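Since we're looking at a predicted model, the values are computed, not measured.
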Amino acid sequence: MIDAGLRIDVDTFRGTRDGVPQLLRTLDKHHLRATFFFSVGPDNMGRHVWRLFKPAFLRKMLRSDAAALYGWPILLAGTAWPGRRIGRGLADVIRSADRAGHEIGLHAWDHHGWQVNVDRRPARWLDQEIERGTRALAEILGRDVDCSATAGWRTTPAVIEAKQRFGFRYNSDCRGHSIFRPRLADHSLGAPQIPVDLPTYDERAGGDVDAAAFNDLVLDRIRPNRLNVYTVHAEVEGGVLADAFDRLLARAHERGIRFRPLGELLPTDIERIPPGRITAGPIEGREGWLAQQAPEDANNDAAE
């Protein structure tokens, strides 16, 4: 049996309302549990429309046929009207994922706001955004939130420092190749990071890569003795690609792949997790920078 982490990012009001129930049905059909990272504040995702003036972002939107993939209500949310509060309007949907036994964590308070501001705002702003999100999600769940994943994999050293103050059991804030503990400013080690090492559909879609070809690509990259963390989006795999995701889970079972919540990938002895470092850089298929595990950590894993 090959273990793989399954992470579900929920970015928008519509993704929560429509995508999450569909994903819960699909996961229940396959007797699987995953980690849902929820955005709980205003849905302002449509404000990304201004990024269309950036050639790289425009090419990505055209290549992945974003209008068909996400739908215009998502692509325009929070532009001509104020963004709807996701947690306030859809608390029952979030609680339904918790009741079904899935791991629940914070994605963002304002997904769009985090992506465009995280590297230019002071530490006080970071604290406020994380605090607003964790408080809102805790009120919905009736308990503390113990894991998180930053929106868009936009993470800086200041974000890592800020998250330490919230006592998360682990975070999934970057792309990478192995579980590690980031080095902090005082030379101690932070909460474990569980990176994502498999591509998302929107990163590879277009040309001759349709849903079936993408399923093959992902399944072929899941192998023993590696991290294997796969991210889907409620707006996509809970929407237009729901059937394709259902087929991926069925084929994964046939190959002996067992998807699990990310928290179950952590070793029992956290102190044995090697240290690491987060850097920023591009990822194929995405516009702008993403947080990434430093490449030299691959060598450090063995040494530590």
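- For R255 and D220, the salt-bridge test passes: some basic side-chain N is under 4.0 Å from an acidic carboxylate O.
- A salt bridge is defined here as a Lys NZ or Arg NE, NH1 or NH2 lying under 4.0 Å from an Asp or Glu carboxylate O, and R88 with E139 fails to meet this definition.
- The local environment of NE2 in H253 is sparse, with at most 12 non-hydrogen atoms from other residues, nucleotides or ligands closer than 6.0 Å.
- Ion pairing of R181 with E271 is present here, as a side-chain N (NZ or NE/NH1/NH2) and a carboxylate O approach within less than 4.0 Å.
- A donor atom on one side chain and an acceptor atom on the other are not found under 3.5 Å apart for T35 and R260.
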> Does the pair Q293 and S178 meet the rule for a side-chain hydrogen bond (donor to acceptor under 3.5 Å, both in side chains), with working shown?
Replying inline: CA-CA 8 Å; Q293 181 180 10; S178 60; 3.1 Å; yes
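- Aromatic ring pairs are classed by plane angle as parallel below 30°, tilted from 30° to 60° and perpendicular above 60°; the pair Y230 and F259 is tilted.
- Side-chain contact of H30 with D246: a donor-acceptor pair under 3.5 Å is present, judged by distance alone.
- In this model, a donor atom of one side chain and an acceptor atom of the other lie less than 3.5 Å apart for T12 and E235.
- Applying the salt bridge (Lys or Arg N to Asp or Glu O under 4.0 Å) rule to pairs touching residues 116-125 yields nothing, sequence neighbours excluded.
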Exercise answer: donor-acceptor pairs, residues 91-99 side-chain atoms, under 3.5 Å, sequence neighbours excluded:
unit_1, atom_1, unit_2, atom_2, d
D92, OD1, R95, NH2, 2.6
R95, NH1, I140, O, 3.1
S96, OG, V93, O, 2.5
D98, OD1, R143, NH2, 2.3
D98, OD2, R143, NH2, 3.4

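- Under the 4.0 Å criterion applied to side-chain N and carboxylate O atoms, E203 and R175 are assigned as salt-bridge partners.
- Salt bridge absent: D43 and R84 never bring a charged side-chain N and a carboxylate O closer than 4.0 Å.
- Look at D197 and R226 and you find a salt bridge, because one of the NZ, NE, NH1 or NH2 atoms lies within 4.0 Å of a carboxylate O, short of that distance.
- Taking every heavy atom of both residues into account, G89 and F13 meet most closely at CA-CE1, 4.5 Å.
- A salt bridge does not link D173 with R154: none of the charged nitrogens is closer than 4.0 Å to a carboxylate oxygen.
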